[in-house]
Structure formats: C-alpha cells, structure tokens
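When a ligand or atom number is given, it counts from 1 through the structure's own listing order. In this text, all values refer to a predicted model and were calculated from it rather than measured experimentally.
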Amino acid sequence: MRKRLRLGIMGGTFDPVHYGHLVAAEEALVQFNLDRVVFMPTGEPARKTHRVVSSAEHRYLMTVIATASNPDFAVSRMEVDRPGVTYTVDTMCELRSIHGPQAELFFITGADAILDILTWKDSDRLADVCTLIAATRPGYDLARFDQQPGAEGLRVEMMEVPALAISSTDIRGRVADRRPVRYLLPEAVAMYAHKNRLYGRET
Ligand code: ATP
Ligand code: MG
C-alpha cells in the first residue's frame, strides 16, 4: 500500500520571508514527519489591508529564493494566482481535492496567527480539512489559545521551535531606517529586497 502523503502548508505574507518562517517550517517537517512543506504566499491579503503590502510577485519570488536550497521545501502560486481576496480555508479545500482524501494536510502557523484563527472565516471548516500546527513565537502565549471561546472543537498541535524574535515588520522598519538586517533573513532575500527597493522610506 502506498504511504499516505503528509503535506505541510506554511502560509504567510512573507513580506519579506525570514529565518523565523524557515525554522518553523523545518521543525514542522521533522517533528511531524512531513514529506514536504509548501510555502503559500498570500495573494491579495484578506487581513492586512492597513498597510501597503509588496506585490504578490515580489513576495512569491523572495520565498522561492529563500527555499531554493532545501529539497523538502516548495513554494505554491495557488493564492498568488487566485483573483480577489484569499481565504486559507479555500486553499486547503483546493489542496484536499488535488491530493485526495488519503492525504494528511497540516497548516503551520505561528502562535500569533493561531490566536486569531478563531476569528478567521470558517475556522472550524479549516480544522476539519487539515490539522493545525501552532509554533511557539516570542511574545505570544500559546497557552492562551485553549482558553478562547470556540477553541475546544479545534484540533491544534502545539510545536516548540527555537525562539527567534524576528518579524517581517521589524525587518521592514530596519531597512527603512538603514539598520542591519543581516542574519535575520537569507542574504539573497535581503539583496532582492534592496535591488527592488521594497522597504525604503520613500515607498
Ligand atoms: P508581519 O510582521 O508582516 O506580520 P511576520 O513576521 O509575522 O510578518 P507573516 O508572513 O505574517 O510574518 O507570518 C507567516 C507565518 O509565520 C505566521 O503563521 C506567523 O505566525 C509565523 N511566524 C512568523 N515569524 C515567526 C517567528 N519568528 N517564529 C515563529 N513563527 C513565526
Ligand atoms: Mg504576521
């Protein structure tokens, strides 16, 4: 009998992708014995409308650059190519229909994202179609998740990862202020962002 596919999906804006994302994905790969982790950059973000987000194409390409050397990582254009506002639940349902009922799907998030997942569109349907993995992240208390109303029914696996207090918001601010970003994200991603002037003050 063929082994069931175990597929991890790492969703994010990735503006830009950084070592916090890569470490969480690598830990999920190993801790949950996944066949691969697919990074899924959002297209039109449903939730981050309060700031200008770099184009989906730039965010997609930075994610490709960051993951290129890892044979167990891939990047999907599914959300980037979908017109209109993106919902994770639609993506997971589409992956379910592509890979069939036998595949085991895992949606990987950080502690902050899992804490507001209950406010997402159809979070219970999302939890039906995949297993949610919540990675520890400095500054966010995973223990709070269980106490939230609505959390009881959701299957969430907690995952301890090496603590990296890195965020894309901080990196964008550092670039704008000309403070260092080296060692926070892959150098080639930083160079891509610089070359395309993604996070300068003027933008
Ligand atoms: P922003 O500051 O723009 O929100 P971010 O650093 O939070 O960027 P996202 O693209 O929003 O990055 O995150 C994608 C996913 O990765 C989310 O589930 C988030 O919780 C998780 N994540 C991001 N940074 C870390 C980190 N340092 N450790 C663990 N998980 C993280
Ligand atoms: Mg975030």
Minimum non-hydrogen distance to atom 10 (O) of ligand 1, winning option of Thr13, Leu22, Val17: Thr13

Proximity to ligand 1 by part of Thr136, non-hydrogen separation under 4.0 Å: backbone

Any N or O of Ser167 closer than 3.5 Å to N or O of ligand 1: no

Ligand 1 atoms in contact with Met10 (distance to a heavy atom under 4.0 Å): 15 (C), 16 (O)

Backbone or side-chain N or O of Asp15 under 3.5 Å from ligand 1 N or O: no

Salt bridge (Lys or Arg N to Asp or Glu O under 4.0 Å) partners of residues 12-21, not counting sequence neighbours, each pair once: Asp15-Arg51

Geometric N/O contact Pro138 with ligand 1, under 3.5 angstrom: no

Residue pair Arg82, Thr91: steps toward the side-chain hydrogen bond (donor to acceptor under 3.5 Å, both in side chains) verdict: CA-CA 10 Å; Arg82 185 186 298 143; Thr91 301; 3.1 Å; yes

Expected output: side-chain Arg96 to main-chain Val129 donor-acceptor under 3.5 Å: yes

Within-shell test, Ala163 vs ligand 1, heavy atom, strictly < 4.0 Å: no

Heavy atoms from other residues, nucleotides or ligands near CZ of Arg178 exceed 12 (cutoff 6.0 Å): no

Ala111 backbone acceptor or donor facing Arg137 side chain under 3.5 Å: no

Structural part of Ser168 in contact with ligand 1, heavy atom criterion under 4.0 angstrom: both

Phe106 and Phe32 aromatic ring geometry - parallel, tilted or perpendicular at 30°/60° bounds: tilted

Arg59 versus Thr42, side-chain donor and acceptor atoms under 3.5 Å: yes

Test of proximity, Leu164 against ligand 1: N or O pairs below 3.5 Å: yes

Close approach of Val161 to ligand 1, heavy atoms, under 4.0 angstrom: no

Sole candidate of Val80, Ile108, Leu95 that passes side-chain contact (heavy atoms from CB on, under 4.5 Å) when paired with Met40: Leu95

Numbered atoms and elements of ligand 1 in range of Arg172, under 4.0 angstrom, heavy atoms: 3 (O)

Contacting atoms of ligand 1, where contact means under 4.0 angstrom from a heavy atom of Gly12: 10 (O), 14 (C)

Heavy atoms of other groups near Glu187 CD, more than 12 under 6.0 Å: no

Ligand 1 to Ile166 polar contact by distance, N or O atoms, under 3.5 Å: yes

Atom CZ of Arg77 with >12 non-hydrogen neighbours under 6.0 angstrom: yes

Polar atom proximity, Gly110 to ligand 1 (N or O, under 3.5 Å): yes

His99, NE2 atom: more than 12 neighbouring heavy atoms under 6.0 Å: yes

Plane angle bin for His58 and Tyr192 - parallel if under 30°, tilted between 30 and 60°, otherwise perpendicular: perpendicular

N or O pair under 3.5 Å between Thr109 and ligand 1: no

Which of the ligand 1 atoms, numbered from 1, are nearer than 4.0 Å to a heavy atom of Thr169: 1 (P), 2 (O), 3 (O)

Proximal atoms of ligand 1 relative to Gly11 (non-hydrogen, under 4.0 Å): 14 (C), 15 (C)

Distance filter under 4.0 Å to Gly20 heavy atoms, resulting ligand 1 atoms: 26 (C), 27 (N)

For Asp112, atoms of ligand 1 separated by under 4.0 Å from a heavy atom: 19 (C), 20 (O)

